[in-house]
Amino acid sequence: MALSLSARNVVKRYGGVTALSNANLDVNAGEVVALIGANGSGKSTLSKIINGVVVLDGGQLLLDGQFMEFSSPQAAKNLGISTVFQELSLIPQMTVAENIWLAREPLKRGGVIDRKMIREKSDALLNLFAGTYKSSLHPDVTVTSLPPDEKQIVEILKAVSFDPRLLILDEATASLDSRQVERLFELVKRWKQEGKAIVFVSHRMEEIFRIADRYSVLKNGVTVGTGAMKDVNTKDIVSLMVGEESAENAVERKKAVAQNLSGSSVELDVNELRTDFLKGLTFQLHKGELLGIGGLKGQGQRDLLLALFGDLKYTGSINFSGELVHFKNTRQAMNKGVALVPGERAKEGLLFIRSILENLLLPSWGEYGFPTRMRKARESANRIGSTLNLKMAGLDEPVTGLSGGNAQKVVIGKWLLRNPRLLLLDDPTKGVDVGTKAEFYRLLARLCADGLSVLFYSSDDEELLGLCDRVLVMHDGNIRQELFGETLTKSNLVAASLGASRESMQ
Amino acid sequence: MKRITISPPVAAVLLAIILFALSGLLPNGFGSNMLVARAQAVNILRLSVFLGVIAAGQTLVIISGSEGIDLSAGAVVTLTAIVTYVLVNGNDGRVLPALFAAILVGAAIGLVNGTGISFLKISPLVMTLGMSGVVTGMILIVQHGNVSGAVSPIMTKVIARPLIFGIPGAIIIWVFFAGLMWLLMERTAFGKNLFAIGTNRVTARLSGVNVTAMVLATYALAGALSGLGGFLAVGNTGVVFINIGNPFLFPSIAAVAVGGTLLSGGKGSYWGTMAGAIVLTLLTSLLTTMQMPDSVRSMVLGATLLILISIYGRQQALRQ
């Protein structure tokens with residue numbers, strides 16, 4: 001049955017905080033609607049209202065013209081609304097199949113779970129993404145052993161297994177590599193033709209333009225614009241999202257980092273770096289250079305950064321600032337001026353229940369003497385906070401209260417406080433709003449101009465193309481290609497990510 | 001609308017004051033005699049010191065997270081009490097060496113705990129429980145249940161008797177000790193890193209904190225504090241017995257919890273633990289005064305712990 005869902009003038013408050021004050025969204029069968037907004041604009045809340053996780057405080061929800069009030073996520077599911085959550089809803093210790101069919105396992109007569117049926121149905125689902133898996137993903141592996149992108153795929157398949165009429169994809173592409181995104185988009189097109197309605201929540205402008213038919217932009221809990229994608233360009237959308245003033249910087253980031261490295265010395269010289277996964281990497285990073293690392297997710301980028309930071313055992317030689325080093329732990333690396341912004345902000349970058357102050361000073365407490373000179377520590381924290389334009393109620397507030405972009409500023413800030421010589425970035429703009437991204441790009445430009453060397457892994461190709469003069473594309477634990485100057489193009493980047501040789505592209 | 005929330009340490013202090021006031025109303029309580037009330041209050045505080053010092057180590061390991069706990073604290077207290085008793089042997093001149101020995105023995109046992117937890121990846125519960133058994137066994141083998149020794153006059157004088165203005169030395173030691181604990185936890189890199197590893201060890205490691213060294217140091221320090229506790233405990237009782245330390249074990253964990261330290265780690269204070277130690281000591285002595293049997297006492301203590309922890313848990317849920 002064709003679906004039409006419409007949220008009108010939706011209001012939602014959490015305690016004293018108004019998450020949504022006037023949100024609107026219309027979605028019909030056979031179309032993809034992009035729900036766009038900066039972090040904290042309320043798009044997650046709005047999608048949670050549509051799928052019944054959260055109950056609205058005002059406004060109305062119409063499903064097929066009928067006034068609706070979902071009492072639970074289950075009620076929404078029964079009406080054909082299914083969600084791919086940004087925070088995965090999988091149980092790590094259970095297998096892929098068990099997760100997908102959790103609490104609604106097909107049964108044989110007598111109430112015994114029909115394993116054969118589960119197996120067949122799961123195989124059919126997994127086939128949707130066949131060919132994009134790095135591991136041998138099959139229904140009986142436990143979810144905990146999967147890399148993040150494949151966990152995300154299982155999450156997508158779980159939502160799809162309900163055969164929903166409306167599918168909400170909440171940042172579903174955030175941890176997928178470009179090949180997997182490609183496949184997902186093919187599937188979305190197919191589902192669209194089958195008459196499903198799709199709500200697509202994403203930060204990636206390029207994806208939105210590729211897949212969405214219509215858009216709905218939220219800003220501070222208010223829907224500020226809706227319309228057809230074909231009538232707008234990136235700049236229009238960004239203007240709606242962040243307001244007029246900073247829209248320019250958000251898109252015009254091309255070559256924000258002007259690089260003139262002809263005279264600069266080699267800061268980092270890596271030779272035959274091997275770990276369990278890395279197969280002998282050799283490359284150089286100049287002083288003041290912003291060197292991009294590209295490639296699909298999980299091709300060894302994380303291992304490379306962790307090895308350089310002393311958190312992973314390796315063989316091979318690393319020459320840093322003209323000195324042969326072999327860091328055995330992160331502390332040694334840190335003391336030599338290496339800093340790492342890890343890929344999982346919440347799990348690896350922040351101390352959630354502790355204050356902003358303690359998060360910012362975590363690597364540096366030793367430098368404030370005994371007893372710790374708190375006033376000096378607070379001054380440093382405030383200084384770095386204002387440098388980064390960190391929006392906070394106070395240094396003693398818990399870091400939990402910050403939005404994604406501001407939280408990432410804390411992670412970066414704790415390293416800038418130490419004036420590092422080498423900054424390792426593991427997909428630092430993931431889940432960060434456009435405004436903060438633009439600030440971040442300007443910051444990188446400034447730091448590089450001051451002589452900081454940066455190794456920058458990003459899952460966003462546009463970002464690498466826009467910021468870097470040189471990109472190392474990784475594939476299967478190797479540097480597949482080094483792209484720079486004229487060879488640094490989107491098609492080369494994608495081709496190298498997929499492991500295609502340059503000859504096959506000609 | 002502003003919600004009034006009472007932090008757990010404050011709640012524990014209020015509870016202690018109410019309990020104390022109530023104890024005065026008992027048939028054999030202090031009634032309106034303020035001199036007796038003061039004497040009783042001082043006595044309760046004095047008795048809280050031993051639990052308070054032993055619970056200090058417990059506070060540190062619990063804050064260090066990853067299911068951190070020290071179940072060997074009771075056995076270490078007994079062992080170090082015996083060490084003190086034997087080494088001092090009635091001689092004032094040997095008090096300081098005995099104090100160092102007690103702390104060192106405690107630290108050594110704690111270091112073994114930390115080693116097992118860090119390198120052999122044994123869970124703290126299992127490691128320290130096993131260590132408790134080993135230490136108890138060692139005590140039995142070495143001493144065959146007989147210990148010959150004595151505390152010295154100066155120990156009794158400083159720990160058990162009034163020192164200045166009628167305040168027992170133990171309380172003065174405790175106040176000084178609490179200041180050091182605060183410094184350690186709030187004004188040193190060690191303290192800051194302790195809260196960090198208790199909150200998230202991956203983040204701590206990726207921020208340049210040497211987590212292994214921190215865990216080793218924390219358990220060693222906890223052992224050392226149990227050693228100090230053993231020294232003080234024997235100085236108070238004047239005699240040593242095989243069961244001197246064990247009765248402190250459960251209350252040392254309970255005091256930490258009552259003081260509002262998160263049992264999952266990463267959040268807490270020693271000042272809360274002090275308040276917890278006072279509440280538990282007060283409750284015990286109150287029940288003793290009321291001539292309750294042991295069974296009732298342990299039931300009331302257990303129930304108090306459960307009630308307080310569930311209240312704290314609820315407060316936290318409301319704030320989120």
Side-chain angles (χ1 to χ4, degrees), chain A residues 14-16 305-306 309-312 327-355 357-374 377 398-401 410-411 414-415 417-418 420 424 426, chain B residues 1-3 5 7-8 62-66 118-119 179-217 260-269 312-313 315-320:
Chain A
Y14 292 105
L305 298 178
L306 288 181
F309 196 52
D311 198 46
L312 202 62
F327 302 130
K328 296 214 163 41
N329 58 51
T330 56
R331 193 167 196 86
Q332 290 177 356
M334 179 182 94
N335 287 337
K336 286 281 182 191
V338 185
L340 169 76
V341 173
E344 299 255 348
R345 186 162 56 235
K347 286 183 195 154
E348 303 172 339
L350 295 171
L351 300 173
F352 247 46
I353 56 173
R354 306 302 300 182
S355 66
L357 177 73
E358 288 185 35
N359 272 281
L360 281 171
L361 282 148
L362 178 56
S364 311
W365 285 117
E367 269 125 70
Y368 289 85
F370 170 79
T372 311
R373 277 168 299 189
M374 291 305 284
V399 81
T400 9
V410 172
V411 180
K414 77 176 168 198
W415 292 118
L417 205 59
R418 302 183 56 85
L424 310 169
D426 187 352
Chain B
M1 195 186 79
K2 198 171 151 66
R3 259 182 58 87
T5 51
S7 75
I62 287 175
I63 287 177
S64 81
S66 292
S118 287
F119 295 108
L180 289 180
M181 282 297 290
W182 177 83
L183 265 181
L184 176 75
M185 291 166 72
E186 301 294 336
R187 290 291 180 273
T188 64
F190 172 85
K192 299 292 185 184
N193 289 346
L194 178 69
F195 285 105
I197 67 166
T199 308
N200 184 337
R201 292 202 174 174
V202 178
T203 297
R205 196 182 74 233
L206 291 180
S207 301
V209 176
N210 189 336
V211 175
T212 308
M214 280 298 298
V215 171
L216 287 176
T261 294
L262 276 189
L263 290 177
S264 53
K267 202 168 198 174
S269 65
Y312 297 162
Q315 265 196 351
Q316 207 167 24
L318 280 174
R319 263 184 268 129
Q320 276 165 0

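Residue numbers begin at 1 in each chain, while the letters A, B, ... track the order of the sequences.
Heavy-atom distances place no part of Ala333(A) under 4.5 Å from chain B, backbone and side chain included. Both the backbone and the side chain of Leu362(A) come within contact range of chain B, judged by heavy atoms closer than 4.5 Å. Heavy atoms closer than 4.5 Å to chain B are found in the side chain of Phe309(A), but not in its backbone.
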Using distance alone, with no hydrogens and no angle check, list the donor-acceptor pairs under 3.5 Å between chain B and chain A.
unit_1, atom_1, unit_2, atom_2, d
Arg187(B), O, Thr372(A), N, 2.8
Arg187(B), O, Thr372(A), OG1, 2.7
Thr188(B), N, Thr372(A), OG1, 3.2
Asn200(B), ND2, Lys347(A), O, 2.9
Thr203(B), OG1, Lys347(A), O, 3.4
Thr203(B), OG1, Glu348(A), O, 3.3
Thr203(B), OG1, Leu350(A), O, 2.9
Arg205(B), O, Thr330(A), OG1, 2.6
Arg205(B), NE, Asp311(A), OD1, 2.7
Arg205(B), NE, Asp311(A), OD2, 3.4
Arg205(B), NH2, Asp311(A), OD2, 2.8
Ser207(B), OG, Lys414(A), NZ, 2.7
Gly208(B), O, Arg331(A), NH1, 2.5
Gly266(B), O, Arg354(A), NH1, 2.6

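Counting heavy-atom pairs closer than 4.5 Å to chain B, the top residue among Ile353(A), Val338(A), Leu361(A) is Ile353(A).
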